[in-house]
Amino acid sequence: MEFRRTHYTSHVTPEMNGQTVKLAGWVHEIRDLGGIMFLVLRDREGMAQITLFKKTIDPEVLKTAKALSRESVVLVEGEVKAEAKAPGGYELVPIKINLLNPAKSPLPMDTTGKVNAELDTRLDNRFMDVRRPRTQAVFHIRHHMLSAVREFLEQEGFIEITTPKVVATATEGGTALFPITYFDTEAFLNQSPQLFKQLMMSGGMDKVFEIGPIFRAEEHDTRRHLNEATSIDIEASFMDHEDVMVILENLIVYVYEKIAERAVPSLKTLGIELTIPKAPFRRLTYDEAIEVNNENSKEFLEWGDDLSTNAEKVIGKVIGEHYFIKDWPTEIKPYYTQPYEDEPKVTKAFDMMHPRMELSSGAQRVHDHDILRKRIQDQGLNPDGFEFYLKAFRYGIPPHSGWGLGAERLLMTMLDVDNIRDVVLFPRDRKRVSP
RNA sequence: GUCCGGAUAGUGUAGGGGACUAUCAUGAAGGCCUGUCGAGCCUCCGACCCGGGUUCGAAUCCCGGUCCGGGCGCCA
């Protein structure tokens with residue numbers, strides 16, 4: 001049975017009046033008015049109205065149409081008729097309807113937007129949830145986001161790399177890792193490409209980036225955490241933290257611009273009017289951030305404290321747009337961040353914030369082997385486990401800097417989505433490993 | 001982990017000791033209707049998370065469990 005389409009619904013225009021086309025997709029809605037019957041066919045790009053005049057239609061076609069259930073997959077061959085009364089300015093008068101796969105009813109959830117479904121129901125039935133234009137729009141935008149990131153970084157001279165997700169050691173300490181069985185040795189799912197992208201600085205690749213999954217075995221349970229997330233990571237040699245901050249803010253602006261330009265229908269579906277942030281972003285020092293918090297919050301922070309969720313919100317509200325917090329206390333940043341030479345208590349690390357939450361963190365890295373080794377030790381880690389990493393620092397590694405940016409957080413803040421699970425097809429959280 | 005809140009037809013909900021033969025919408029089944037576009041109208045189908053307890057009587061109150069949502073924590 002024929003199943004190849006000639007057009008997507010959105011590619012058919014009223015000017016094609018009289019032409020025969022084949023549209024393939026899902027039966028979105030059925031409206032039978034008696035003498036006339038309307039089917040709404042939905043595909044990736046939109047919807048098209050199929051109109052059946054019962055007096056003149058081929059009885060075989062009518063019979064097939066009457067037996068259709070919602071969300072069944074069909075191929076409709078028909079004649080395009082320019083029709084002002086039809087949505088999109090055209091309708092299709094069917095010559096043939098091929099039922100390619102019938103859908104059972106009732107459906108596990110509504111796809112038309114008439115009745116809400118809870119996130120849990122939607123995630124359990126993600127295949128069907130993705131048929132909803134709103135969900136579809138989110139993932140079209142996600143595609144444009146990732147594509148714009150690649151484009152921008154490539155223009156900036158970055159080389160895309162992929163690093164292992166199965167690793168031997170708890171590379172960075174701190175966050176909990178997922179242990180896995182790897183033949184007869186112990187291994188883990190990697191929490192970040194950090195160490196590997198730094199190795200490539202020693203490798204002379206100069207500027208690299210990776211877009212890939214990161215895994216954290218933390219038992220967090222919030223709307224902005226996942227146990228499997230997508231990280232956009234860069235590392236660049238002969239650059240300091242200020243240099244990569246500029247790259248980061250320009251990237252954010254670029255991504256917003258490209259989405260505003262390329263994802264117009266999806267943004268419209270979501271009812272979003274994108275406000276494109278302006279670079280340069282405001283730069284607060286850690287000291288200033290603490291001050292802003294202490295002036296505006298009941299919660300008092302002392303120098304050396306990490307910013308609580310509340311502090312992030314308070315400062316975000318005051319600033320009201322993307323901003324950086326830089327010059328953090330060395331103590332609360334990882335061993336690989338480079339302290340200031342003249343003030344070692346402060347490190348060349350930064351976070352990039354959206355008013356709602358942290359999006360990215362980065363730093364200039366320590367590139368001196370002995371200092372790095374000592375700092376690993378000082379943080380209570382065993383340098384022996386880092387030998388594969390430290391080795392690269394003994395044979396010529398340039399000064400370098402980099403950052404990691406949470407792809408989901410970037411998307412959710414851009415689209416003003418409340419729950420991070422909404423911007424991941426199959427989110428992995430504390431309680432969900434399936435589907 | 002912890003503190004709140006919740007769990008009612010396929011989906012989303014109302015109802016907080018008796019008026020529950022459980023509300024409404026959507027949906028499914030059947031019917032009417034030639035321009036619908038969240039079509040309309042008529043008929044009809046479909047549910048109180050699990051286990052204990054209190055009570056003459058529990059969807060409703062209590063205890064335990066499971067699951068879900070939100071806040072916080074954890075997350076360099």
Side-chain angles (χ1 to χ4, degrees), chain A residues 28-42 47-57 66 69-71 81 83-89 91 93 103-125 128-129 132 170-177 191-192 194-195 214-227 229 299 306-313 328-337 347 349-351 357-358 361-363 365 375-376 378-381 403-404 406 409 418-421 429-432:
Chain A
H28 188 66
E29 283 188 282
I30 302 165
R31 279 191 282 272
D32 190 346
L33 274 66
I36 190 168
M37 181 177 180
F38 300 103
L39 300 177
V40 178
L41 180 139
R42 187 192 68 242
M47 314 222 192
Q49 176 166 289
I50 317 294
T51 306
L52 294 86
F53 302 94
K54 292 193 183 169
K55 272 189 182 159
T56 53
I57 197 87
K66 286 192 95 159
S69 58
R70 289 166 66 227
E71 295 302 322
K81 206 178 127 198
E83 172 57 72
K85 280 182 277 190
E91 61 191 14
V93 180
K104 275 181 67 173
S105 52
L107 301 167
M109 56 175 287
D110 171 60
T111 55
T112 63
K114 284 181 202 165
V115 185
N116 274 20
E118 289 191 343
L119 181 60
D120 200 46
T121 305
R122 290 172 41 220
L123 292 177
D124 282 340
N125 300 283
M128 185 151 288
D129 180 46
R132 295 165 65 234
T171 45
E172 296 180 44
T175 194
L177 302 183
Q191 68 187 92
S192 145
Q194 181 63 33
L195 272 32
I214 56 170
F215 304 90
R216 313 236 160 146
E218 297 299 332
E219 295 187 355
H220 34 222
D221 191 7
T222 79
R223 294 185 293 173
R224 58 187 189 286
H225 289 281
L226 290 168
N227 294 294
E299 180 196 22
D306 207 344
L307 297 186
S308 61
T309 308
N310 188 254
E312 280 186 10
K313 280 181 190 159
W328 287 75
T330 304
E331 214 174 85
I332 55 172
K333 285 291 177 186
Y335 58 83
Y336 49 75
T337 69
T347 187
F350 60 87
D351 282 3
M357 67 187 83
E358 178 190 333
S361 65
R365 323 299 191 184
R375 296 211 56 206
I376 289 172
D378 288 351
Q379 292 205 355
L381 300 164
W403 42 253
R409 288 188 174 191
D418 289 332
N419 195 314
I420 196 165
R421 283 157 259 246
D429 63 36
R430 176 96 175 78
K431 289 168 182 166
R432 183 178 284 278

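Residue numbering restarts at 1 for every chain, and letters A, B, ... go by the order of the sequence lines.
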Any Lys/Arg nitrogen of [X] or [Y] sitting under 4.0 Å from an Asp/Glu carboxylate oxygen of the other?
{"X": "R224(A)", "Y": "E312(A)", "answer": "no"}
{"X": "D120(A)", "Y": "K431(A)", "answer": "no"}
{"X": "D378(A)", "Y": "R375(A)", "answer": "no"}
{"X": "R223(A)", "Y": "D429(A)", "answer": "no"}

Return the nucleotide paired to [N]: Watson-Crick means purine N1 to pyrimidine N3 with N6-O4 or O6-N4, wobble means G-U with N1-O2 and O6-N3, both under 3.5 Å.
{"N": "A47(B)", "value": "none"}
{"N": "C24(B)", "value": "G12(B)"}
{"N": "U34(B)", "value": "none"}
{"N": "G18(B)", "value": "C56(B)"}

Whole-Å distance separating the [atom1] atom of [X] from the [atom2] atom of [N]:
{"X": "L119(A)", "N": "G12(B)", "atom1": "CG", "atom2": "C1'", "value": "14 Å"}
{"X": "E118(A)", "N": "C68(B)", "atom1": "CD", "atom2": "P", "value": "12 Å"}
{"X": "L177(A)", "N": "C75(B)", "atom1": "CG", "atom2": "P", "value": "13 Å"}
{"X": "D221(A)", "N": "C75(B)", "atom1": "CG", "atom2": "C1'", "value": "13 Å"}
{"X": "D429(A)", "N": "C67(B)", "atom1": "CG", "atom2": "C1'", "value": "13 Å"}
{"X": "N227(A)", "N": "C75(B)", "atom1": "CG", "atom2": "C1'", "value": "10 Å"}
{"X": "R430(A)", "N": "U66(B)", "atom1": "CZ", "atom2": "C1'", "value": "15 Å"}
{"X": "I420(A)", "N": "G71(B)", "atom1": "CD1", "atom2": "P", "value": "13 Å"}

Using the [atom1] atom in both, what is the distance from [N] to [M], to the nearest Å?
{"N": "U34(B)", "M": "A25(B)", "atom1": "C1'", "value": "28 Å"}
{"N": "A59(B)", "M": "U21(B)", "atom1": "P", "value": "10 Å"}
{"N": "C24(B)", "M": "G46(B)", "atom1": "C1'", "value": "15 Å"}
{"N": "G18(B)", "M": "G1(B)", "atom1": "P", "value": "37 Å"}
{"N": "C32(B)", "M": "C44(B)", "atom1": "C1'", "value": "15 Å"}
{"N": "G73(B)", "M": "C62(B)", "atom1": "P", "value": "30 Å"}
{"N": "U43(B)", "M": "C33(B)", "atom1": "C1'", "value": "16 Å"}
{"N": "C42(B)", "M": "C4(B)", "atom1": "C1'", "value": "47 Å"}

For [X], report the nucleic acid contact type (base, sugar-phosphate, nothing); a contact means any heavy atom under 4.0 Å.
{"X": "N419(A)", "answer": "sugar-phosphate"}
{"X": "K313(A)", "answer": "sugar-phosphate"}
{"X": "T121(A)", "answer": "sugar-phosphate"}

Phosphate contact ([N] OP1 or OP2) by [X] side-chain N/O below 4.0 Å:
{"X": "R432(A)", "N": "C67(B)", "result": "no"}
{"X": "N116(A)", "N": "A25(B)", "result": "no"}
{"X": "R224(A)", "N": "C75(B)", "result": "no"}
{"X": "T222(A)", "N": "G71(B)", "result": "no"}

**Study point:** Set of residues satisfying ring-ring contact (aromatic ring centres under 6.0 Å, His included) with respect to H28(A), sequence neighbours excluded
**Key:**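 Here no residue qualifies.
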
Check your understanding: Where does G16(B) land, syn or anti, given syn is within 90° of 0?
Key ->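 Syn conformation for G16(B).
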
**Study point:** Where protein sits on nucleotides 27-37 of chain B, one letter per nucleotide: B base, S sugar-phosphate only, - none, heavy atoms under 4.0 Å
**Key:** SS----BBBBB

Point to revise | Side-chain donor or acceptor of E218(A) paired with backbone N/O of A176(A) under 3.5 Å | key: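 Between the backbone of A176(A) and the side chain of E218(A) there is a qualifying donor-acceptor contact (under 3.5 Å).
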
Check your understanding: Can you check whether S192(A)'s main-chain N or O pairs, donor with acceptor, with R216(A)'s side chain at less than 3.5 Å?
Key ->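 Absent.
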
Practice item. Could you say whether I30(A) or R122(A) is positioned toward the 5' end of RNA chain B, judged by the nucleotide with the nearest heavy atom to each? Key: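 Of the two residues, R122(A) wins.
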
Review point. In Å, rounded to the nearest 0.5 Å, how long is the span from CD of Q194(A) to CD1 of I214(A)?
Key: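 Between Q194(A) CD and I214(A) CD1, I get 11.0 Å after rounding to 0.5 Å.
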
**Study point:** Among G73(B), G12(B), G71(B), the one nearest H220(A) by side-chain distance
**Key:**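 Minimum distance to the H220(A) side chain belongs to G73(B).
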
Check your understanding: Does CD in E331(A) sit with more than 12 non-hydrogen atoms of other residues, nucleotides or ligands closer than 6.0 Å?
Key ->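 12 or below, so no.
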
